[in-house]
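Residue indices begin at 1 and follow the sequence shown.
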Amino acid sequence: MPEADSVAGLGCEEACIQVFMANRPDYPLTGPSGQLLPANNTLIENINRECGNGWRKVFNVYAKWVFPLSESAGTTQGISSWQQYRDELLLTEQGSTALWFKAPEHFNPARLNIVMGKTFAGTLGLTDSVEWLTADFAVCLQRSLVVTPYFDYRQLTNEKIGFLNYLIRSRPALLKQAMGCQT
């Protein structure tokens with residue numbers, strides 16, 4: 001990982017959907033230290049090209065998960081597919097998504113907080129303080145927190161993306177946090 005990297009992640013600081021992961025791309029992401037860098041129309045494509053298939057999967061799965069939520073809320077801004085969502089709105093300043101490459105200092109209960117991966121959740125000391133609904137998904141409604149599988153096609157499959165969206169839609173507090181900030 002380049003030492004010049006100072007940003008804490010990608011996306012919009014005020015995003016309703018805050019995703020936290022333990023990894024960061026080996027790509028020069030410079031900006032204000034500790035803050036998010038909003039994606040532009042080439043950043044995700046450049047990370048995918050330079051950092052490989054693993055990052056392509058993270059961004060694709062993120063878009064495949066969020067697009068149906070945005071679509072049902074009527075906040076897709078004319079976007080008609082998850083691919084277009086990924087290319088034009090995911091992790092941008094106009095979007096409502098953030099991807100942090102570090103552990104949170106705290107979880108803001110006014111946002112939907114997603115911890116990507118059971119291993120990372122364990123590192124954060126969350127495994128005993130959340131309610132495990134399945135072997136892969138856990139929630140803590142007081143923190144508006146959901147632990148999910150890692151954003152990879154094999155771990156967060158289309159079926160599991162559907163379950164995650166059902167989980168969010170069936171819990172009004174989580175749905176409100178996920179959709180409340182979108183414009």
Side-chain angles (χ1 to χ4, degrees), residues 1-67 69-70 75-79 81-108 110-126 144-157 161 164 177-178 181-183:
M1 166 181 5
E3 288 295 320
D5 287 357
S6 61
V7 298
L10 301 175
C12 176
E13 294 270 347
E14 298 302 317
C16 291
I17 299 173
Q18 304 277 327
V19 174
F20 299 90
M21 67 184 301
N23 304 326
R24 72 179 295 127
D26 187 11
Y27 186 83
L29 298 167
T30 56
S33 181
Q35 295 183 9
L36 294 179
L37 176 66
N40 58 31
N41 61 349
T42 60
L43 182 61
I44 289 175
E45 179 183 326
N46 290 340
I47 292 171
N48 288 343
R49 184 176 51 255
E50 297 296 322
C51 300
N53 198 39
W55 282 98
R56 181 179 331 277
K57 291 176 185 178
V58 167
F59 297 128
N60 284 354
V61 169
Y62 200 156
K64 285 178 88 170
W65 161 53
V66 172
F67 175 71
L69 285 176
S70 298
T75 59
T76 55
Q77 303 178 22
I79 292 174
S81 69
W82 70 262
Q83 295 93 336
Q84 186 182 8
Y85 186 93
R86 176 201 57 213
D87 296 341
E88 296 179 21
L89 201 54
L90 184 68
L91 304 173
T92 64
E93 201 155 9
Q94 299 77 30
S96 189
T97 53
L99 178 61
W100 296 87
F101 306 135
K102 64 177 196 158
E105 291 178 21
H106 68 280
F107 293 105
N108 181 347
R111 306 285 185 248
L112 175 60
N113 300 287
I114 302 291
V115 172
M116 189 192 304
K118 192 184 262 189
T119 301
F120 188 41
T123 301
L124 299 176
L126 295 173
S144 297
L145 169 68
V146 180
V147 176
T148 71
Y150 192 83
F151 287 14
D152 177 283
Y153 301 133
R154 293 172 304 230
Q155 295 180 50
L156 193 55
T157 62
I161 289 171
L164 176 57
Q177 306 318 30
C181 302
Q182 293 192 357
T183 57

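When the side chain to side chain donor-acceptor pair (under 3.5 Å) test is applied to N60, the partners found at least two apart in sequence or on another chain are R86, Y153. With sequence neighbours excluded, the residues forming a side chain to side chain contact (heavy atoms under 4.5 Å, CB included) with A22 are F120, listed by chain and number. With sequence neighbours excluded, the residues satisfying side chain to side chain donor-acceptor pair (under 3.5 Å) with Q84 are S80, E88. Checked against side chain to side chain donor-acceptor pair (under 3.5 Å), W82 has no partners two or more places apart in sequence or in another chain. Residues that satisfy the salt bridge (Lys or Arg N to Asp or Glu O under 4.0 Å) test with K118, not counting sequence neighbours, are absent from this structure. In this view, K57 satisfies the side chain to side chain donor-acceptor pair (under 3.5 Å) rule with no residue, not counting sequence neighbours. Take F59 and apply the ring-ring contact (aromatic ring centres under 6.0 Å, His included) test, not counting sequence neighbours, and it matches W55. The ring-ring contact (aromatic ring centres under 6.0 Å, His included) check on Y150 picks up nothing, with sequence neighbours excluded. Looking at residues two or more places apart in sequence or on another chain, you find a salt bridge (Lys or Arg N to Asp or Glu O under 4.0 Å) between E45 and R49.
Heavy atoms only, all atoms of each residue included: E14 and Q18 are closest at C-NE2, 4.3 Å. Taking all atoms of both residues into account, the shortest heavy-atom contact from R111 to S144 is O-CB, 3.0 Å. Scanning all heavy atoms of the two residues, the minimum distance from V115 to L145 falls at CG2-CD1, 3.5 Å. The shortest non-hydrogen separation linking S6 to G31 is OG-O, 2.5 Å. Residue C12 comes nearest to E93 through the heavy atom pair SG-O, 3.9 Å, listed as atom of the first residue, atom of the second, then distance. Across every non-hydrogen atom of N113 and N108, the tightest pair is ND2-O, 2.9 Å.
Considering CG of L90 and OG1 of T97, their distance stands at 4.5 Å, rounded to 0.5 Å. For the atom pair CG of L10 and CD1 of I44, the computed distance is 7.0 Å after rounding to the nearest 0.5 Å. Rounded to the nearest 0.5 angstrom, L124 CG and F107 CZ are separated by 5.5 Å. One finds the CG atom of D87 at 11.5 Å from the OG1 atom of T92 (value rounded to the nearest 0.5 Å). Separating the OH atom in Y85 from the CH2 atom in W65 is a distance of 9.0 Å, to the nearest 0.5 Å. Annotation: the span from I79 atom CD1 to L89 atom CG amounts to 4.5 Å, rounded to 0.5 Å.
Only one option out of Q155, M116, R154 pairs with P149 in a side chain to side chain contact (heavy atoms under 4.5 Å, CB included); it is Q155.
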>> Is there a side-chain contact (heavy atoms from CB on, under 4.5 Å) between F101 and M21? Walk through the geometry before answering.
In response: CA-CA 5 Å; F101 306 135; M21 67 184 301; 4.2 Å; yes
> Under the side-chain contact (heavy atoms from CB on, under 4.5 Å) criterion, do V19 and T148 qualify, and how do the steps go?
Replying inline: CA-CA 10 Å; V19 174; T148 71; over 6 Å; no
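Using a 4.5 Å heavy-atom threshold, the side chains of V61 and D152 count as separate. L112 places a side-chain heavy atom less than 4.5 Å from the side chain of V146. No side-chain heavy atom of N23 sits less than 4.5 Å from a side-chain heavy atom of V58.
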Tabulate below the donor-acceptor pairs under 3.5 Å that side-chain atoms of residues 32-41 make, not counting sequence neighbours, or state none.
residue	atom	partner	partner atom	Å
N40	OD1	T42	N	2.9
N40	OD1	T42	OG1	3.1
N40	OD1	L43	N	2.9

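Sequence neighbours left out, not one pair with a member in residues 28-43 passes salt bridge (charged side-chain N to carboxylate O under 4.0 Å, His left out).
A perpendicular orientation is assigned to the rings of Y62 and F151, their planes being inclined by more than 60° (bins at 30° and 60°).
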